[in-house]
Amino acid sequence: MPRFLRLALVLGSLLAICAANGPARAADVEDLYRSQTIVTGQVEPNRQAGFKICLDAVLVRVSGDQRLLAKPQMTALRDKAGSFVTGFRYRDRMEGIPVHDEQGTHDRPHDLYCQYTPATIDPVLISLGSKPWLAERVRLAVFLSTEQGIRHFALDADGERGTLMRESFSNAAAPLAMQVTFPTAALLSQAGLDDRTLRDADLAKLDTVAKKAGADQALSGSIVWSDKELGWIADWRLATGGKTYAWQVRGVSFDEAFRVAMRGAAQVLSGNGQP
């Protein structure tokens, strides 16, 4: 083989290795610096309100740290939220449905999509004592036991009764640029796991089962309906770096319980500590 060809092959291999282990690709970064919300119409006041929500969302999406939103500096940043937006667009959520009157043109709900750049968002993160989380997001397998009165089950990838919960979990993961999957009923059975044993299952074991489910690691949780709390009590566990993290939320819908789960997981996995 000619020497120049050998050198080309070696260089190509090195570039491939660097690409695999380096920062996110340009397209991935562009997606990371993006957020969206729902606004009413396209009038300026509602757009500015949407910009504030999108700024909150992109800061957490890029950093993984939900605690940033409680910092006092956020008040001033939200007041000029529009100045950080590189570009935006709308999508009519009632597209294809005719407008019946003038009022309807103002009241129609729209998705507002905002695009940002590292040049505008990274300095904001630094000012808040944070930094971008550019590592590839792990795919989490969700191991969840559910209890509501006499009804109890382990959420799996197959059961019809878990359809809404699976959709809700995926919706909770998307704003954080993360993905979730669920073990099949057969996989849970093979591992000797059900809604009772999942509560205290060893996370190392769940991580092993997670890989069989096509994920990188496990997110373990339980939700129990409480009449007293008028909502679900949700407990979550995740292990990383030789440490187990646990967090809880009480008296919420299961949609919010799953949002808390994903925000907590992002905070842990991004290196920002206890949720």
Side-chain angles (χ1 to χ4, degrees), residues 19 22-71 73-74 76-95 108-140 167-181 216 255-256 258-272 275:
R25 298 186 301 273
D28 296 331
V29 171
E30 183 177 341
D31 179 69
L32 191 62
Y33 286 80
R34 178 180 297 151
S35 63
Q36 68 184 81
T37 189
I38 300 173
V39 296
T40 301
Q42 300 185 36
V43 295
E44 183 64 19
N46 293 353
R47 181 184 306 138
Q48 293 302 323
F51 284 161
K52 293 180 181 181
I53 296 172
C54 283
L55 177 62
D56 283 5
V58 77
L59 291 176
V60 176
R61 181 179 175 90
V62 174
S63 70
D65 190 357
Q66 61 183 321
R67 298 171 301 179
L68 298 182
L69 305 186
K71 294 203 170 189
Q73 302 98 302
M74 285 302 303
L77 291 171
R78 291 184 182 111
D79 287 341
K80 55 180 181 180
S83 68
F84 303 111
V85 177
T86 302
F88 68 90
R89 64 182 176 87
Y90 289 100
R91 184 184 72 86
D92 188 345
R93 294 177 65 87
M94 299 175 67
E95 188 176 11
R108 290 169 76 92
H110 288 71
D111 289 316
L112 171 63
Y113 298 90
C114 291
Q115 186 67 55
Y116 304 85
T117 65
T120 56
I121 292 302
D122 291 1
V124 175
L125 292 175
I126 292 171
S127 75
L128 294 169
S130 186
K131 61 182 179 180
W133 172 34
L134 299 180
E136 184 178 357
R137 302 295 202 262
V138 303
R139 186 181 182 91
L140 293 174
E167 291 177 356
S168 179
F169 237 120
S170 295
N171 290 337
L176 296 160
M178 298 178 70
Q179 291 183 312
V180 293
T181 189
D216 299 300
D255 291 312
E256 178 61 15
F258 300 160
R259 285 191 286 267
V260 169
M262 293 310 304
R263 289 195 295 262
Q267 185 165 314
V268 170
L269 294 170
S270 62
N272 284 297

Problem set entry | Under the side-chain hydrogen bond (donor to acceptor under 3.5 Å, both in side chains) test, residues paired with Q48 that sit two or more places apart | E44
Problem set entry | With Q115 via side-chain hydrogen bond (donor to acceptor under 3.5 Å, both in side chains) - residues at least two apart | R34
For this session: Identify, with sequence neighbours excluded, every residue that meets salt bridge (Lys or Arg N to Asp or Glu O under 4.0 Å) alongside D56.
Result: R78
Exercise. Got a sec, which residues hit side-chain hydrogen bond (donor to acceptor under 3.5 Å, both in side chains) with T120, two or more places apart in sequence or on another chain?
Worked result: T117
Problem set entry | Exercise: identify the closest heavy-atom pair between D122 and Y33 | OD1-OH, 2.6 Å
Exercise. Which residue pairs pass the ring pair (Phe, Tyr, Trp, His ring centres under 6.0 Å) test with at least one member in residues 43-69, sequence neighbours excluded?
Worked result: F51-F88
Can I get a per-line list of side-chain donor-acceptor pairs under 3.5 Å for residues 263-271, giving both atom names and the distance, sequence neighbours left out?
unit_1: R263; atom_1: NH2; unit_2: E256; atom_2: OE2; d: 3.0
unit_1: Q267; atom_1: OE1; unit_2: Q66; atom_2: NE2; d: 3.2
unit_1: Q267; atom_1: NE2; unit_2: Q274; atom_2: O; d: 2.6
unit_1: S270; atom_1: OG; unit_2: A266; atom_2: O; d: 2.7
unit_1: S270; atom_1: OG; unit_2: Q267; atom_2: O; d: 3.1
unit_1: S270; atom_1: OG; unit_2: N272; atom_2: ND2; d: 2.7

Exercise. Any idea which heavy atoms bring H110 and R108 closest together, and the distance?
Worked result: ND1-O, 2.9 Å
Exercise. When rounded to the nearest 0.5 angstrom, what is the spacing between CE in M262 and OG in S168?
Worked result: 11.0 Å
Problem set entry | Results of ring pair (Phe, Tyr, Trp, His ring centres under 6.0 Å) for Y116 - residues two or more places apart only | none
Problem set entry | Flag if over 12 foreign heavy atoms under 6.0 Å of NZ, K131 | no
Problem set entry | Set of side-chain contact (heavy atoms from CB on, under 4.5 Å) partners for P109, sequence neighbours left out | I38, R93, M94
Problem set entry | Shortest non-hydrogen contact between L77 and V124, atoms and distance | CD1-CG1, 3.8 Å
Exercise. When rounded to the nearest 0.5 angstrom, what distance separates CG in L68 from CG in L125?
Worked result: 6.5 Å
Problem set entry | By side-chain contact (heavy atoms from CB on, under 4.5 Å) - contacts of D216 (at least two apart) | V138, R139
Exercise. Do M74 and L128 have side chains that get closer than 4.5 Å, going by heavy atoms?
Worked result: yes
Problem set entry | Partners passing side-chain contact (heavy atoms from CB on, under 4.5 Å) against I53 (at least two apart in sequence or in another chain) | T37
Exercise. Would you say N171's side chain and E167's backbone share a donor-acceptor pair under 3.5 angstrom?
Worked result: yes
For this session: Name all residues meeting the salt bridge (Lys or Arg N to Asp or Glu O under 4.0 Å) criterion together with D255; count only those two or more places apart in sequence or in a different chain, and write none if there are none.
Result: none
Seminar exercise, completed: Rounded to the nearest 0.5 angstrom, the OG-CG distance for S130 and L59 is 8.5 Å
For this session: Could you note down all residue pairs passing side chain to side chain donor-acceptor pair (under 3.5 Å) where residues 81-90 supplies at least one of them, sequence neighbours left out?
Result: R47-Y90
For this session: Could you pull out the closest heavy-atom pair between G50 and V39, with the gap in Å?
Result: CA-CG1, 3.9 Å
